[in-house]
Number of protein chains: 2
Amino acid sequence: MSVTEQPEGGPRRQSRQRNAVLALLDELDGFRSAQDLHALLRERGDSVGLATVYRALQALVDDGQLDVLRSTDGEAAYRRCSSSHHHHLVCRSCGRTVEVADPPVERWAARIAAEHGFVDVQHDVEVFGTCAACAAARA
Amino acid sequence: MSVTEQPEGGPRRQSRQRNAVLALLDELDGFRSAQDLHALLRERGDSVGLATVYRALQALVDDGQLDVLRSTDGEAAYRRCSSSHHHHLVCRSCGRTVEVADPPVERWAARIAAEHGFVDVQHDVEVFGTCAACAAARA
DNA sequence: GTGCTCATGAGAATCATTCTCCCACGCGGA
DNA sequence: TCCGCGTGGGAGAATGATTCTCATGAGCAC
Ligand SMILES: [Mn+2]
Ligand SMILES: [Mn+2]
Ligand SMILES: [Zn+2]
Ligand SMILES: [Zn+2]
């Protein structure tokens, strides 16, 4: 929104920092905040400036390589996801995330919009719960 | 999350400020940020402190009288909504909002969760688009 | 290797939201 | 109506995530 955007999809310059951020995201399963990622990188020695972490995440989001989720406390969380359209089923307890691509919900959203005369529609759908493993562990 | 919560649902004390916030929300159709509401109140003369606006909104949310939406820029937006479970169809252009209560999407969310062994599920579903009026005006 | 750019990092700046602290007022009881 | 208690309000400071500034460092094309 206010970050300087790369006008063209020109080749992005390579850097240790950007690679480190992407590599870390590849190892993690759930959504993580920029602050968390920064702390993790620092712990493992691949130290990267905080501003750089934000810039790398922003760039990856623009490239469609990351999904962003805004938690209720306003913090943004990022995750490496498949590039095709999907939604998420997220475990509140351990963060385990399942990507869900299911035609019915797509049709549902389109139908609801059409019934009310809305066009250019888009939808946000996230499902939160407790995964089987966490439910078992809690018992 | 960190605001002091009223432990019991005891009767809330009456006040001009709280009433003004609620009255304003009743007149508005779409989701509005706390900052916006504060500015609107100030304009109309019903001046209320910013912190008080936040406190009033928080209280109303706790009472289930308001719905909150987090926009992509991280700002929270509030709207007076019916108390029963529903989702929203929001016009990106004018903010007009339609409440949608539709069994199919509820069943969909439950099914997806069940298929993956998740329990205690909950879902966030919002549909954004351009309403008929705005689409016509743009043409 | 040189040079042109873009990337980085430290810290300042932003901005929404929350907290502190003290004062004012709603409200129930006398 | 008058008091007193305790909650609600206001102003401004504090917080915390995110973004910006700007001087410096490092890809990459030649
Ligand atoms: Mn979808
Ligand atoms: Mn629902
Ligand atoms: Zn889990
Ligand atoms: Zn509209």
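Any value given below was found using the heavy atoms of this structure, including those in side chains, with hydrogens, waters and symmetry copies removed. Only a predicted model underlies this, so the values are computations on that prediction, with no experimental measurement involved. Just so it is clear: chains get the letters A, B, ... in the order the sequence lines come, proteins before strands, and each one is counted from 1.
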**OP:** Look at the side chain of B/R92 and the backbone N and O of A/D120, then say whether any donor-acceptor pair between them is shorter than 3.5 Å.
**Re:** yes
**OP:** Would you please confirm or rule out a distance under 4.0 Å between OP1 or OP2 of D/dG10 and any side-chain N or O of B/Q17?
**Re:** yes
Original post:
How many Å lie between CZ on B/R55 and P on D/dA11, as a whole number?
Top reply: 11 Å
Original post:
Between A/H38 (side chain) and A/V48 (backbone), is there a donor-acceptor pair under 3.5 Å?
Top reply: yes
Subject >> Atom pair CD (B/Q35) and CG (B/L50), whose distance is rounded to the nearest 0.5 Å >> reply: 5.0 Å
Subject >> Nearest-0.5 Å distance, CZ of residue B/F31 to SG of residue B/C81 >> reply: 4.5 Å
**OP:** Verify the neighbour count for atom CZ of B/R42: are there more than 12 heavy atoms of other residues, nucleotides or ligands below 6.0 Å?
**Re:** no
Output side-chain donor-acceptor pairs under 3.5 Å for residues 19-28 of chain B, partner residues at least two apart or in another chain, one line each.
from  : atom 1 : to    : atom 2 : distance (Å)
B/N19 : ND2    : B/S15 : O      : 3.1
B/D26 : OD1    : B/R80 : NH1    : 2.7
B/D26 : OD2    : B/R80 : NH1    : 2.9
B/E27 : OE1    : B/R44 : NH2    : 3.0
B/E27 : OE2    : B/R44 : NH1    : 3.3

**OP:** Could you check how far CG of B/D62 sits from C1' of D/dT7, rounded to whole Å?
**Re:** 16 Å
Original post:
So how far is it from A/Q58 CD to A/L66 CG, rounded to the nearest 0.5 Å?
Top reply: 10.0 Å
Original post:
Heavy-atom distance under 4.5 Å between the side chains of A/R107 and B/W108, does that happen here?
Top reply: no
Original post:
OP1 or OP2 of D/dG8 less than 4.0 angstrom from a side-chain nitrogen or oxygen of B/R18, does that happen here?
Top reply: yes
Subject >> Sequence-distant partners of B/Q17, side-chain hydrogen bond (donor to acceptor under 3.5 Å, both in side chains), two or more places apart >> reply: none
**OP:** Have a look at the helix from C/dG1-D/dC30 to C/dA30-D/dT1 and give the angle its two end axes make, five pairs each, rounded to 10 degrees.
**Re:** 30°
Subject >> Between C/dA16 (P) and A/E75 (CD): distance, integer Å >> reply: 18 Å
Original post:
Rounded to whole angstroms, how far apart are CG on A/D73 and P on C/dT17?
Top reply: 12 Å
Original post:
Which class fits the ring pair A/H85 and A/H123: parallel under 30°, tilted 30 to 60°, perpendicular over 60°?
Top reply: perpendicular
Original post:
Considering only heavy atoms, which members of residues 40-50 of chain B lie under 4.0 Å from some atom of DNA chain C?
Top reply: B/L50
**OP:** Starting at NE2 of B/H88, measure out to CZ of B/R96 and round the result to the nearest 0.5 Å.
**Re:** 13.5 Å
Subject >> Nucleic acid footprint by protein, nucleotides 25-30 of chain D - heavy-atom cut-off 4.0 Å, B for base, S for sugar-phosphate alone >> reply: -BBS--
Original post:
Rounded to the nearest Å, what distance is computed from the CD atom of residue A/Q58 to the P atom of nucleotide D/dA17?
Top reply: 18 Å
**OP:** Apply the test side-chain contact (heavy atoms from CB on, under 4.5 Å) to residues A/V100 and B/E115: give CA-CA distance (whole Å), side-chain angles for both, the deciding distance (0.1 Å), then the verdict.
**Re:** CA-CA 11 Å; A/V100 178; B/E115 284 179 4; over 6 Å; no
Subject >> Main-chain N/O of A/S82 paired with A/E99 side-chain donor or acceptor, under 3.5 Å >> reply: yes
**OP:** Could you state the atom-to-atom distance from CZ of B/R32 to P of C/dA16 in whole Å?
**Re:** 16 Å
Atom pairs, protein N/O to nucleotides 11-15 of chain C N/O, distance under 3.5 Å:
none

Original post:
B/N19 has an atom CG; how far is it from atom P of D/dG8, in whole Å?
Top reply: 13 Å
Original post:
Are A/Y54 and D/dT18 close enough that a side-chain N or O sits under 4.0 Å from OP1 or OP2?
Top reply: yes
Original post:
Between D/dG8 atom C1' and B/L57 atom CG, what is the distance in whole Å?
Top reply: 15 Å
**OP:** Any chance you could measure A/E126, atom CD, to A/L69, atom CG, to the nearest 0.5 Å?
**Re:** 4.5 Å
